[in-house]
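Written out below as structure tokens is the structure these notes cover.
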2 protein chains.
Amino acid sequence: MNKNETAAVISLTNIKAACKSCTLRELCLPYGLREPDLSAVDKVVKRRHKLKKGELLYRFGDPLKSLYAIRSGALKTTSLLGDGRAQVMGFYLSGELLGMDAINTDHHPCSAEALEASEVCEISYSDLEGLAQEIPGLQHQLLRIMSREITQDEQLLMMLGQMSAEERLASCLMSFSKRRARLGLAESDLKLSMSRRDLGDYLGLALETVSRLFSRFQDEGLISVQGRHVRLHDMERLRTIATGFRDEQNMRA
Amino acid sequence: MNKNETAAVISLTNIKAACKSCTLRELCLPYGLREPDLSAVDKVVKRRHKLKKGELLYRFGDPLKSLYAIRSGALKTTSLLGDGRAQVMGFYLSGELLGMDAINTDHHPCSAEALEASEVCEISYSDLEGLAQEIPGLQHQLLRIMSREITQDEQLLMMLGQMSAEERLASCLMSFSKRRARLGLAESDLKLSMSRRDLGDYLGLALETVSRLFSRFQDEGLISVQGRHVRLHDMERLRTIATGFRDEQNMRA
DNA sequence: CGAGTGATTGAAAGAACTCAAGACCGGTGG
DNA sequence: CCACCGGTCTTGAGTTCTTTCAATCACTCG
């Protein structure tokens, strides 16, 4: 084991995160920032946390202390109904920011759980707000990221409110594909980190329905499925389904 | 007609809005601000617009120029699917802020339409961002309002993803009730400004289902309905339904 | 190798939708 | 002032999509 590898091992436990040297920088909060602002942002990033699969980053009702940027892995945020029904509010991948829904009330309205071994950067919210006050580019990016969160929720609203089960899954797959492309990964080759139940709780469907849809899509040659590994074969047709063209004729508008 | 009334008539057409003298100030963007910040906010508020029922404030794809604060009336924001299916993303009432979902891409992902004669204050977004840079209290409030938008979307997600039609309508009624209370109005006496179709497009239900539910709730003594005028008789039971207790036993969690 | 979790598949049930017919309501014009 | 009109709302009947319940299969990990 050489010196670098040793350093890497140590870094995983508790090192101060450094946006400066982070490959996800341009996808994340410091997007567009240059020195010395970059170093300033580094100062409000407390440290990295490693999460095991199934571990909670925060839970419903916790006071807001920090936002979290995902360095690697994947998380879901979930909210519960009185009798235990769960809605997955979102899946979060590398370069994405988590916890903004807590700013309003200073308490997290969701729980956040790691879907696989993950690493997150903890960003003190009060420090961040202070720094955004001084760095226009940071304020701008924070507002944009929050706005993106809103539009993502709105896309999910469209799925849950108007789309058939088939359309929901197609949309979901296309969304995962796009986000992988954003990270520079193969867009037609998905390794899902969530269970069928999670997917169902996200799409507002029973897990059995999700499973059946995977099978149906496979039978129709749209995708191939091996457990959580999904290959997209016909992105064009998936996109058409996801866009919600039920028939070409009889449009309402 | 005395001098004041004349002034009032003129003011309705095009007067510069004035947060200072607005009764909704504490529910709106300038919440918590004092002079001289209040006057500074007034400067980025361009002017008031009057909207007739059915008029569009902006439409899908329009470039983001301004956010809008509602002074009176009510609006809905809607997004369309390929074949014309519509999802109502939100209903907006007095004191609420509209258009934040456009910040991410600089284009509105929804259309906004007045449900009744309404008045809105136009707030130049670039000016607002600049001012938020200088006034910490304003930045804070803007972030809080955007976070509130996220949590509201998340509540709707829970409704659309997990709740039965009955639970959705109960939630919706309770939400309207709370927002009326926030404005200091009678919380058990709703005058809906949207059609059954709008409500259905919001709740992800057919308009006939919404209508049937109103009837059923009325039969059960929960509410009384006369067209768009709804009286809530049993808020306690409505709240229970809205919280999602299907049965008291067999909880999943 | 058995236990346990997660995924698939089938059959039956149910919630909400679609289609369709009328009722209601407010506005307009004779 | 009343009849008529268009839009909105209500109600019914039958259908469809998704769920629920249940059984089986696959995989992983002590």
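Side chains included, hydrogens not; waters and symmetry mates left out as well; all remaining heavy atoms used. Here is the naming used below: chain letters follow the sequence lines, and residue numbers restart at 1 for every chain.
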Quiz prompt | Touch class at under 4.0 angstrom, heavy-atom based, for G204(A) against every strand present | solution = sugar-phosphate
Check: Base, sugar-phosphate alone, or nothing: which one does R228(B) contact when heavy atoms must sit under 4.0 Å apart?
Finding: sugar-phosphate
Residues I70(A) and L93(A): closest non-hydrogen pair is CB-O, 3.5 Å
Separation of dG14(D) atom P from R212(B) atom CZ, nearest Å, is 13 Å
Greater than 12 external heavy atoms within 6.0 Å of F60(B)'s CZ:
no
Here the distance between atom C1' of dC17(D) and atom CG of L205(B), to the nearest Å, is 15 Å
Residue set satisfying side-chain hydrogen bond (donor to acceptor under 3.5 Å, both in side chains) with D234(B), at least two apart, ordered chain then number -> R237(B)
Whole-Å distance, L213(B) CG to dC9(D) P, equals 15 Å
Within residues 217-226 of chain B, those residues having any heavy atom closer than 4.0 Å to DNA chain C are none
Sorted by chain and residue number, the side-chain hydrogen bond (donor to acceptor under 3.5 Å, both in side chains) partners of R239(A) (sequence neighbours excluded) come out as none
* To do: May I ask you to decide if the ring planes of Y58(A) and H108(A) are parallel, tilted or perpendicular, using 30° and 60° as cut-offs?
  => parallel
Item checked: Under-4.0 Å side-chain N/O to phosphate OP1/OP2 contact, R196(B) with dG7(D) -> no
Which is it for L24(B) and L183(B) under the side-chain contact (heavy atoms from CB on, under 4.5 Å) test, yes or no, and what are the steps along the way?
CA-CA 8 Å; L24(B) 295 169; L183(B) 292 171; 3.9 Å; yes
F214(B) atom CZ is separated from dT11(D) atom P, nearest whole Å, by 12 Å
ask   = Which part of the nucleic acid, if any, lies within reach of S215(B) when heavy atoms closer than 4.0 Å are counted: base, sugar-phosphate only, or nothing?
value = sugar-phosphate
In whole angstroms, the gap separating C1' of dT19(D) from CZ of R197(A) amounts to 13 Å
| said: Does S195(A) reach a base, just sugar-phosphate, or nothing at all? Heavy atoms under 4.0 Å. | reply: sugar-phosphate
Contact check, residues 164-177 of chain A vs DNA chain D, heavy-atom distance under 4.0 Å, returns S164(A), A165(A)
Sequence neighbours excluded, the answer for side-chain hydrogen bond (donor to acceptor under 3.5 Å, both in side chains) partners of R180(A) is none
Min and max contacting nt of DNA chain C in 5' to 3' order, chain A heavy atoms within under 4.0 angstrom, are dG6(C) to dA11(C)
So salt bridge (charged side-chain N to carboxylate O under 4.0 Å, His left out) across residues 221-233 of chain B, not counting sequence neighbours, yields D189(B)-R231(B)
The complete set of side-chain hydrogen bond (donor to acceptor under 3.5 Å, both in side chains) pairs with one or both residues in residues 205-218 of chain B, sequence neighbours excluded, reads E166(B)-R216(B)
- Is the backbone of M159(A) close enough, under 3.5 Å, to the side chain of R168(A) for a donor and an acceptor to pair up by distance? yes
Residues N104(A) and S147(B): closest non-hydrogen pair is N-OG, 2.8 Å
Sequence neighbours excluded, the answer for ring pair (Phe, Tyr, Trp, His ring centres under 6.0 Å) partners of Y92(A) is none
Sequence neighbours excluded, the answer for side-chain hydrogen bond (donor to acceptor under 3.5 Å, both in side chains) partners of S188(B) is none
Per-nucleotide protein contact along nucleotides 22-30 of chain D, 5' to 3', at a 4.0 Å heavy-atom cut-off (B base, S sugar-phosphate only, - neither), is B--------
- Answer whether the closest heavy-atom distance between the side chains of L115(B) and F91(B) falls below 4.5 Å. yes
To the nearest angstrom, the CD-C1' distance between Q162(B) and dT18(D) comes to 14 Å
The helix from dC1(C)-dG30(D) to dG30(C)-dC1(D): angle between terminal helix axes, five bp per end, to the nearest 10 degrees, reads 30°
Separation of dT18(D) atom C1' from L207(A) atom CG, nearest Å, is 13 Å
All heavy atoms of H233(A) vs all of S224(A), minimum pair found to be NE2-OG, 3.0 Å
* **Donor-acceptor contact below 3.5 Å, side chain E119(A) vs main chain L51(A)** => no
- Message: When you measure from the side chain of S177(A) to the backbone of L173(A), do you find a donor-acceptor pair of N or O atoms at a distance under 3.5 Å?
- Response: no
